[in-house]
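Below: the structure, in structure tokens.
Indexing begins at 1, ligand by ligand and atom by atom, following the structure's order. Hydrogens, waters and symmetry mates are skipped; everything else that's a heavy atom, side chains included, is used. Residue numbers count from 1 along this sequence.
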Amino acid sequence: MIDFDKDIRYIKGVGPTRVALLNRLGIYTLEDILTYFPRDYEDRGKYKLISELENEETAAFKAVVTSRVTETRVKRGMAIYKVVARDETGTVVITWFNQSYIKSALTVGKEYIFYGKVKKGIGKVDVQSPIFEEVGKSKNVGKIIPLYPLTNGITQNVIRGIIENAMKEVDGKFIESIPGWILQKYKLCDINFAMKNIHFPNKFEDFERARKRIAFEELLTLQVALLQMKNSVKVENNGISFEINEHIEDLLESLPYKLTNAQLRVWKEIDSDMQSEKPMNRLVQGDVGSGKTAVAMLAMFKAVRNGYQASMMAPTSILAKQHYLNISKTLAPFGIRCELFTSEITKKKKEMLIEDLKNGKIDIAIGTHALIEDNIEFRNLGLVITDEQHRFGVRQRGLLSSKGTRPDVLVMTATPIPRTLAFILYGDLDISIIDELPPGRQKIDTFAVRRNMEERVNNFIIKEMKSGRQAYIVCPLVEESENMDGLKSVTEQFEYYKNIFKDFKVEILHGKMKPKEKDEIMARYKAHEIDVLISTTVIEVGVDVPNATIMVVENAERFGLAQLHQLRGRVGRGSFKSYCILKYDSNSDVVKQRMEIMQKSNDGFVISEKDLELRGPGEFFGTRQHGVPEFKVANLFTDIPILKQVQVVAKELLEKDENLLLEENLPIKQKIEKLFNSEEFNTI
Ligand code: ADP
Ligand code: MG
């Protein structure tokens, strides 16, 4: 049996200094070093003829040295070594700088493999500082060479050597963790072939097969883990059953609008979850403005009518307050008491609220993170809602839930997750989608413009303001160190626009301001005491201002599409025609494509799929924001075809062996246990 947990220091070639360096790379055990995969490969396996060498390429070629090495001292401490070599198609002059060992390293008449950068002029070929090895004795040329991520003090040669030694120790005895029937069905190579060829492939096709198999395994492990988690939640039937359904009709009638079909459908799904004894764990996705709050309100109403308390957490105090105002206004006539919990309420008031909440005198608590503070207790919390889930960690959701006994949980988000990924990100949640906007919403016209349109844009804003409308101008967050390349910070923009819009009231809003100041500015903007708000993305999820009709985004190329879409959703909330103007400053094709998508589409799902496609999942989701474990090889975007196969096969596997008790499934089971114990998974 090979001990894959063996400390790295027992591997040949690893002394005390290297142990420290390897630790710095996150490598502690034999397994760690074996799964330290290359970041790239260099093809030193194909030899070119000298006549085929091209200017500026890095290439390998075989040639016989035909001259002795010459040494030229250019100035003090600087020596140039030159040698001439040839094959049947031509001659090259090879140059090294300051490497005196060259003098004795090459022998006239011997054939070497050289690998280096080519400089081609008229009638001559130069190669600079190539690495070289005698033909027949080569180790580092003449094949595909893996390149590993490094740290100071370790070279490619060193790490490659250590990995070679580690591979020798295992000697083809890796443990197969994918059951044979899956390997066969998807024509995957076995683990030993995969491990050898991900590090030291002879051909790129072999590397591809190896990579595919390892990605498959990573995705399969996660997928089986998520499915198991989901299945285990399903069988627990000890949640709250909210049976009383009275007065929902009255509430619906009291609303100034009729629910859309999509809202009704999603409400039915929530309603039946709440009815059932199984704890609800549901994600509601819906584009900005699709009316998620109304649906959440129905759920809270139902909980309260069944004698329970409900709580709703929002990411900003502005948003919490807006929810509070809306919801308390609608529910007060039914004798339901709603209170707002944010960090801004006075100490005295807070003490009173805490007391009332504990005694069950408050039915619904709406607020920010203030809700998950230790001293907040409920009498009988039955329903927990988090709004704009993408702003919270899953842990925070859990903290709020823990204030009740298996309460029903509803999570709302306006960031549509592409379907292929929804399960990975929210594996433990059922998903409802509100895929329809309330009737009568006007389409927001979107324009992407370059800097030369600035004046026209400004004039357009002035025209709108003269007819009584308001505008938002959003700037990206700029770090001080970045300020050079024409990016302006929000305060600079504020100074600039105050001057441009002299006849109007211009204000600034950014994340560094005190919550109270922010609230005040938003309240004044809503009351139309401010015409233009220059802000950072703090308004991304914010207050409804129906009179605002223009959303300008500065340096739109710096934002994700999903975020731009979210910002755009701040306007078009009233009956006036609204506009979104994306100012960008880049010649990149990707940026142009992204701007085009924003102009063409108003559908959050389409936009997020495209965003993911153009940027890749890392940037799309932000690092670990969603608690997705990082993969060593798999890529959540480019490997979607594999992900699809894995989603099918994981189900099949668990249908055959629900608890992974079969011998062939033990390795996966162990991998899952490891995954759940890992730090990454526990931050979810
Ligand atoms: P979001 O999904 O972005 O949270 P909200 O719930 O805040 O959307 O709703 C946006 C606006 O649409 C609110 O002013 C709300 O009163 C209104 N609204 C919600 N549902 C409907 C509907 N069915 N018909 C008309 N207006 C609606
Ligand atoms: Mg909302």
_Does the Lys NZ or Arg CZ of R469 fall within the cation-pi geometry relative to F576 - under 6.0 Å from the ring centre and within 45° of the axis?_
yes

*Residues K583 and D585 bridged, charged N to O under 4.0 Å*: no

*Does any N/O atom on G289 come nearer than 3.5 Å to any N/O atom on ligand 1?*
yes

_Within-4.5 Å side-chain heavy-atom neighbours: I336 and M300_ = no

*Can you list the ligand 1 atoms lying under 4.0 Å from a non-hydrogen atom of D287?*
2 (O)

*Determine which pairs satisfy side chain to side chain donor-acceptor pair (under 3.5 Å) with at least one residue from residues 263-273, sequence neighbours left out, and list them in order.*
T260-Q263, R265-D435, E269-S432, D271-K302, D273-R282

*asked:* Does the residue R573 have a heavy-atom contact with ligand 1, meaning some pair of atoms that are separated by less than 4.0 Å?
replied: yes

*Within a distance under 4.0 Å of any heavy atom of K258, pick out the atoms of ligand 1 and give their elements.*
22 (C), 23 (N), 24 (N)

*On the 0 to 90° scale, with breaks at 30° and 60°, tag the F501-F504 ring pair as parallel, tilted or perpendicular.*
perpendicular

*In ligand 1, which numbered atoms sit nearer than 4.0 Å to a non-hydrogen atom of L259?*
23 (N)

*Indicate yes or no: does an N/O atom of K292 lie under 3.5 Å from an N/O atom of ligand 1?*
yes

*Quick one: side-chain contact (heavy atoms from CB on, under 4.5 Å) partners of R450, sequence neighbours excluded?*
N452, Y584, N587, K592

*From atom 7 (O) of ligand 1, work out which of V295, L255, T293 has a heavy atom at the shortest distance.*
T293

*What are the atoms of ligand 1, with element, lying closer than 4.0 Å to any heavy atom of D544?*
13 (C), 14 (O)

*Looking only at heavy atoms, which two atoms of A471 and I461 are closest? And how far apart?*
CB-CG2, 3.9 Å

*Under 3.5 Å between some N or O of ligand 1 and some N or O of G291?*
yes

*Atom indices of ligand 1 within 4.0 angstrom of T260 heavy atoms, with elements*: 23 (N)

